[in-house]
Each structure stands twice: as C-alpha cells, then as structure tokens.
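Before any comments, here is the structure.
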Amino acid sequence: MDIPQILTPTQLIQLMQLVKSARRCVVCAHRGPDGDAVGSSLGMAEYLRKIGKQVNIIFPTAFPDFLRWMPGAADTIIFEERESEARQLIKEADLIVCLDFGQLSRMAEMGAVVAAAKAKRICIDHHLDPDPAVADVIVSLPQACSTCELVFRVIDELGGYERISRSAAACLYTGMMTDTGAFAYNSSRSEVYVIIARLLAKGIDKDRIYRHVYYNYSEHRLRFVGYVMNEKLQFYCGHRASLFTITREEMKRFNYLRGDAEGLVNMPLQVKGMKLSVSLREDTEKDVVRVSLRSVDDFPCNEMAARFFNGGGHLNASGGELPFPLSEAVKTVEAAIAAYEDRLKAK
Ligand code: 5GP
Ligand code: MN
C-alpha cells in the first residue's frame, strides 16, 4: 500500500537543493522537548549524517528522563546548559532543521539565535498555522499524527528509506507513539499504520519501545500519580471539566524527575462525559506556571490556550504559560472554564 506524497514538486526540489548544498547542519526542536520532538530530531539527524553531513542536535531545554534510552539522545546539546557552544554551532551552520514547532518563539531564547543565523531553514511540523517566517521551506501537515510521521515521509520522498537504520526507526516510532498516547488518539489515518509497518520492517521491537517509555518510572512517580488524582483533582461543570495543580514543594516531596508529570493531564478524561482536563504546574526554573490542556471531540483547547494562557497547540492538546503565582493561575483557569461553560455542558 502506497502513501500519498506530502511534498509538492517545488518543495521536493527545494529540500534536495538545501540538503545537497549544506555541510554543517543543526537539528532543533521546541523547548521542553517531548518524545516527538526528540524522536524526530534523532531520526532526521541520523539520516543527514548518513548522507555525509556534519550534524548537531540542539534542544533549548532538557528532555524528560524517560527518553534517555533513545539511541543518540546522550549526544544532544541542551542550549541552556552549553549556551556558548550552542550559539557558535548555530552561527556556523548552513542548514537548520526546525522540528515539531511552527514559531521560533517556541524555542524561547534560542529562537532569536536561530533567527539571526545565516543558515537556511527547513521546518517540518504538524501544529496548526506555522509562522511563514519560521523557515525558508515549511512542510506542514496538521493532520499528521506527529512530526515523526512527517520526518519519515520526507526522508522517504527524498529517496532515503534505505538509509533509515533500526535505531532511527526506533526514534521515529517513539514519537509517533508518544504523540498519539500509544495510538489512542489522533491516529485513525491508515497511512500511520503503513508507516509503522515500514518501521517494523527495520527490525524495531515496538513492545520494548512501549516499555521503555511507559514502564520506566520510579516508585515515587507512581505514588505521585496516585496522590495527584486522589488529593488534587477538582471537577467543574458537573464533571465536564477538571483541574489539578502541582507545586514545587510536591515535586520535591515525590522526588520529581523531569517528565514525571507527562501524561497525567490525560487521566481525568477517563471519567465518563469529561470534555476538558487542565493542569497547572509550577515551573522548576522560572517563576511561571506551565499550563496543559487536553480535550475530547471538538472542544478547542488551542483556542482556550490562546485566549487565556498565552499558548496554543492542537485542537485536543495544548499548552501555555502564566506569569503569576499558582493561586492566581487557578483563578484564570476557573474564568476560562466559566467562559466555555455552555460548550462544556452541551451534549
Ligand atoms: P503539553 O501539555 O504536553 O506541554 O503541550 C501539549 C501541546 O500543546 C504541545 O504539543 C504543543 O503543541 C502545545 N503547546 C504547549 N505549550 C505551548 C506554548 O507555550 N505555546 C504554544 N503555542 N503551544 C504550546
Ligand atoms: Mn509533536
């Protein structure tokens, strides 16, 4: 079974030319990189290395602990930890590949450094409405399950399928899996499974990848999940919406590791009739509150995130940030839920 081409003939030529003429490449993704950001970066970087490019992967901030096992993850550079080296690499690059984001601001401080660099830029992303200024060539397909799906398709259309190794296939599979909650949502297009079949043909063990990602936590994390669901979860609008908060003190108490809160915000949606789940988490480095939103059906998280939380994202999964204390942030969430009460209560 073939999958339709995503690149237009012009894009294909542009990409081929950009890749061909590049020697030093930087591959980067958004701040707080998740499985899709890390997986697509590792997969793309390996492909570029295979065709003779010198490649560095630079993430604005660190990735979660549960992704450390990914082949090549240890060789990535975290901008905020090795800033001068990262700045130099970005400055010297002649091609920058931007993955899993559509606005340079999603890289925080690193965005301005990338914007100022002389390199040509390629963006491959599945978020809605990429900024036309994000790159010279933008491959955008919001219906894709993940950026990893798109990276696979781009490499394939550039004629590189044979060059995808087992490790790169494992990385691309990981992002497809994590961005769909292990194929529980946003994954009903048949292409997704054609691609998975082609990744499996590379010899990956998908069951093992699942365990590496989802069965790889500490005891503390499991107890933390229990604590949050039992003691912190509040319901609104007759169990149509919910909110929980996580403070720095609680993270300390449960020996929080980066990534330990991942997936928690999906859990309240297990309650029958729930349409919207919101979480608020005190940032460990800056004095801001990180907001995560998840919804089902047509409830627009991204619209709510843009209106109330300085953020955005996908229809059913969005995020944002509030620059004030948790108690104030709770009031903002309650105001947002009140503003959407009619839609939340509608059948
Ligand atoms: P998470 O809740 O996992 O942090 O984010 C879920 C999704 O929301 C991400 O995949 C991303 O699409 C989007 N998102 C998260 N934070 C932001 C943000 O600050 N700005 C925008 N525009 N989107 C965000
Ligand atoms: Mn993604």
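Because only heavy atoms are used, hydrogens play no part in the values below, and waters and symmetry mates are left out as well, while side chains stay in.
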Is a side-chain N or O of [X] found less than 3.5 angstrom from the main chain of [Y], in a donor-acceptor match?
{"X": "Ser292", "Y": "Ser279", "result": "no"}
{"X": "Lys120", "Y": "Asp136", "result": "no"}
{"X": "His30", "Y": "Arg106", "result": "no"}
{"X": "Tyr236", "Y": "Ala338", "result": "no"}
{"X": "Lys275", "Y": "Ala241", "result": "no"}

Could you give me the CA-CA distance, side-chain angles and deciding distance for His126 and Asp179, then say whether side-chain hydrogen bond (donor to acceptor under 3.5 Å, both in side chains) is met? CA-CA 11 Å; His126 69 134; Asp179 255 29; 3.1 Å; yes
Quick check on the 6.0 Å ring-centre criterion: do Phe183 and Tyr173 meet it? yes
Verify the ring-centre separation between His220 and Phe224: is it less than 6.0 angstrom? no
Hey, what do you get for [atom1] ([X]) to [atom2] ([Y]), rounding to the nearest 0.5 Å?
{"X": "Met274", "Y": "Cys237", "atom1": "CE", "atom2": "SG", "answer": "10.0 Å"}
{"X": "Leu344", "Y": "Phe299", "atom1": "CG", "atom2": "CZ", "answer": "4.5 Å"}
{"X": "Asp100", "Y": "Cys28", "atom1": "CG", "atom2": "SG", "answer": "11.0 Å"}

Below 4.0 angstrom, N of the basic side chain to O of the carboxylate: do [X] and [Y] qualify?
{"X": "Lys252", "Y": "Glu282", "answer": "no"}
{"X": "Asp65", "Y": "Arg68", "answer": "yes"}
{"X": "Glu162", "Y": "Lys50", "answer": "no"}
{"X": "Asp205", "Y": "Arg166", "answer": "no"}

If the plane angle is over 60° it's perpendicular, under 30° parallel, otherwise tilted; pick one for His212 and Trp69.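 Aromatic pair His212/Trp69 classed parallel.
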Can you label the angle between the Tyr210 ring and the Tyr214 ring as parallel, tilted or perpendicular, going by 30° and 60°? tilted
Think Arg198 forms a cation-pi with Tyr161, using NZ or CZ under 6.0 Å from the six-ring centre and within 45 degrees of its axis?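 So Arg198 does make the cation-pi contact.
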Check whether Tyr227 forms a cation-pi arrangement with Arg253 (NZ or CZ under 6.0 Å from the six-membered ring centre, at most 45° off the ring normal). yes
